[in-house]
There are 2 protein chains.
Amino acid sequence: MFDIDVRSRVPIYEQLVDNIKMMIIQNVLEKDEKLPSVRKMAQEITINPNTIQKAYRELESEGYIYSLPGKGSFVSDTKNTVSSQKIEMLEDNLEGVVKELIYLQVPVEKIKTLVDLAEAEMREDGNQ
Amino acid sequence: MFDIDVRSRVPIYEQLVDNIKMMIIQNVLEKDEKLPSVRKMAQEITINPNTIQKAYRELESEGYIYSLPGKGSFVSDTKNTVSSQKIEMLEDNLEGVVKELIYLQVPVEKIKTLVDLAEAEMREDGNQ
DNA sequence: TAACTGTATTATTATAGTTAATACGGTTTG
DNA sequence: CAAACCGTATTAACTATAATAATACAGTTA
């Protein structure tokens, strides 16, 4: 269910946070859906429950999930939360990079191919 | 001269490597230019000489600089590699930005439209 | 010769991530 | 009610890596 690389420099708990965030944003996990319990998740991916707890605590503090002691952890309603400001910033970035590439004679078609590649990778493994 | 964040998760020596690489690729540092000595650089940015040494060793092994014991460390001739490496760097950037945009639900087609827009602007007024 | 270079080595400290072992109280289920 | 789940909290220990510290050696330069 989750894609963790234990020897990455990115801490496990943070990989978990990123993974779950993405699944929430992409609606793979839906509003009020129950996440695996701390202990079950720990068993599933064979890491320590405390590491899961840390990830869940982080996700909760960022508003992606909410936890009910005794019941479980659930996906928050994030419908209206996606940051248009961040998108705008990234689009500016994109413009800059694209212009530099074109300046260096990289054809537009090549750039679009790279966009497709990035998207394909994104779907494959969800990494950044 | 260099832009180091000692409390970043990226190790100092790696920040140094990235910094210097970029300056070489962008021709801020020119061929055969002398870099600050290990000890002087350590003094300048108040970190341990061994950390500088580690960065220089890395840069040398990647061919960005060459070192002459007793004389100093110097920028390699990267004339024929710079352009392709710069492109590579930009393509990595592109990949990152695109993935983040997709992560934020921006459709691939929208991204490609932005690529076209950037190209059009590029042709119009020649800006970067 | 003195002061600089790169290079190497060994030991130590600091920090962050992770694991481990428990514990407590709420919830669900049989 | 009791057992088996839940989230949560705490403390200690282990690990890996980055960074520091203290030297040392040999080549170069002024």
Side-chain angles (χ1 to χ4, degrees), chain A residues 1-21 24 29 31-76 127-128, chain B residues 1-21 24 29 31-76:
Chain A
M1 185 175 192
F2 297 100
D3 164 33
I4 301 298
D5 176 8
V6 291
R7 87 196 81 183
S8 164
R9 181 158 61 200
V10 178
I12 295 175
Y13 78 91
E14 200 167 313
Q15 293 181 52
L16 254 180
V17 167
D18 291 342
N19 259 310
I20 295 175
K21 258 191 209 175
I24 291 175
L29 298 174
K31 175 174 181 282
D32 295 326
E33 185 171 339
K34 190 172 182 299
L35 291 172
S37 78
V38 167
R39 291 170 179 85
K40 195 177 168 194
M41 172 88 84
Q43 212 172 1
E44 263 180 28
I45 55 185
T46 53
I47 64 169
N48 195 281
N50 290 345
T51 305
I52 312 289
Q53 191 189 340
K54 190 170 184 180
Y56 278 19
R57 193 190 307 135
E58 175 73 15
L59 283 165
E60 181 163 25
S61 84
E62 291 187 38
Y64 284 89
I65 69 174
Y66 61 95
S67 294
L68 304 179
K71 302 192 75 173
S73 299
F74 306 86
V75 175
S76 295
N127 287 341
Q128 309 191 28
Chain B
M1 185 177 192
F2 297 99
D3 164 33
I4 301 298
D5 176 9
V6 292
R7 87 196 79 184
S8 163
R9 181 159 62 200
V10 178
I12 295 175
Y13 79 91
E14 200 166 314
Q15 292 182 53
L16 254 180
V17 167
D18 290 343
N19 257 311
I20 296 175
K21 258 192 209 176
I24 290 175
L29 298 174
K31 174 176 180 279
D32 295 325
E33 185 171 338
K34 190 173 181 301
L35 292 171
S37 78
V38 167
R39 292 169 180 83
K40 195 177 169 193
M41 171 87 84
Q43 211 171 1
E44 263 179 29
I45 54 186
T46 51
I47 63 169
N48 194 279
N50 289 346
T51 305
I52 312 289
Q53 189 188 341
K54 188 169 184 178
Y56 278 18
R57 193 191 306 136
E58 176 72 14
L59 283 166
E60 182 164 25
S61 83
E62 291 188 38
Y64 285 89
I65 69 175
Y66 60 95
S67 295
L68 303 179
K71 303 191 73 171
S73 298
F74 306 86
V75 176
S76 295

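Order of the sequence lines fixes the chain letters, A, B, ..., with proteins taken first and strands second; residue numbering starts at 1 for each chain.
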What is the distance, to the nearest angstrom, from the NZ atom on A:Lys40 to the P atom on D:dC6? 8 Å

Decide yes or no for B:Ile12 and B:Asn48: does some side-chain heavy atom of the first lie under 4.5 Å from some side-chain heavy atom of the second? no

Would you mind reading off the distance between A:Arg9 atom CZ and C:dT18 atom C1', rounded to a whole angstrom? 18 Å

Look at the side chain of A:Val38 and decide which nucleotide, out of D:dT8, D:dA21, C:dT18, has an atom nearest to it. D:dT8

Determine whether a donor-acceptor pair (N or O, by modelled atom type, separation under 3.5 Å) exists between the side chain of B:Glu60 and the backbone of B:Ser67. yes

Within the sub-3.5 Å range, which N or O atoms of nucleotides 8-14 of chain C have a protein N or O partner, and how far apart are they?
unit_1 : atom_1 : unit_2  : atom_2 : d
C:dA8  : N7     : B:Gln53 : NE2    : 3.4

Given the structure, check if the side chain of A:Arg39 and the base of D:dT8 hold any donor-acceptor pair shorter than 3.5 Å. yes

Give a yes or no answer on whether the side chain of A:Ser73 reaches the backbone of A:Leu35 with a donor-acceptor pair at less than 3.5 Å. no

Would the number of heavy atoms belonging to other residues, nucleotides or ligands and lying under 6.0 Å from NZ of A:Lys40 be above 12? no

Taking any heavy-atom pair under 4.0 Å as a contact, classify A:Glu60: base, sugar-phosphate, or nothing. sugar-phosphate

Whole Å only: how far is the OH atom of A:Tyr66 from the P atom of D:dC6? 16 Å

Report, as yes or no, whether the 6.0 Å neighbourhood of atom CD on A:Gln43 holds more than 12 heavy atoms from other residues, nucleotides or ligands. no

Determine the contact category for B:Gln15: base if any of its heavy atoms lies under 4.0 Å from a base atom, sugar-phosphate if only primed atoms, P, OP1 or OP2 are that close, otherwise nothing. nothing

Phosphate-side-chain proximity, B:Lys54 and D:dA19, N/O vs OP1/OP2 below 4.0 Å: no

Is the NZ atom of A:Lys71 crowded by more than 12 outside heavy atoms at less than 6.0 Å? no

Side-chain N,O (A:Tyr13) to OP1/OP2 (C:dG17) below 4.0 Å: yes

Out of D:dG7, D:dT20, C:dG6, which nucleotide sits closest to the side chain of A:Ser37? D:dG7

Of B:Val75, B:Ile24, B:Leu29, which meets side-chain contact (heavy atoms from CB on, under 4.5 Å) against B:Tyr64? B:Ile24

A:Glu14 CD - C:dT18 C1' separation (whole Å): 14 Å

Can you tell me how far C1' of C:dT27 sits from NZ of A:Lys34, to the nearest Å? 11 Å

Side-chain N or O of B:Ser73 closer than 4.0 Å to phosphate OP1/OP2 of C:dG6: yes

Of all the nucleotides listed (C:dT18, C:dT7, D:dT20), which has the minimum atom distance to the side chain of B:Pro69? C:dT7

Can you check the B:Leu35 CG to C:dT7 P distance for me, whole Å? 12 Å

Length of the CD-P vector between A:Glu58 and C:dT18, whole Å: 13 Å

The residue, B:Lys71 or A:Ser67, whose nearest nucleotide of DNA chain D is more 5′ is A:Ser67

Could you check how far CE of B:Met41 sits from P of C:dT7, rounded to whole Å? 13 Å

Please report the closest heavy-atom contact between B:Ile20 and B:Met41, naming both atoms and the distance. CD1-CE, 4.3 Å

Side-chain N or O of B:Tyr56 closer than 4.0 Å to phosphate OP1/OP2 of C:dG6: no

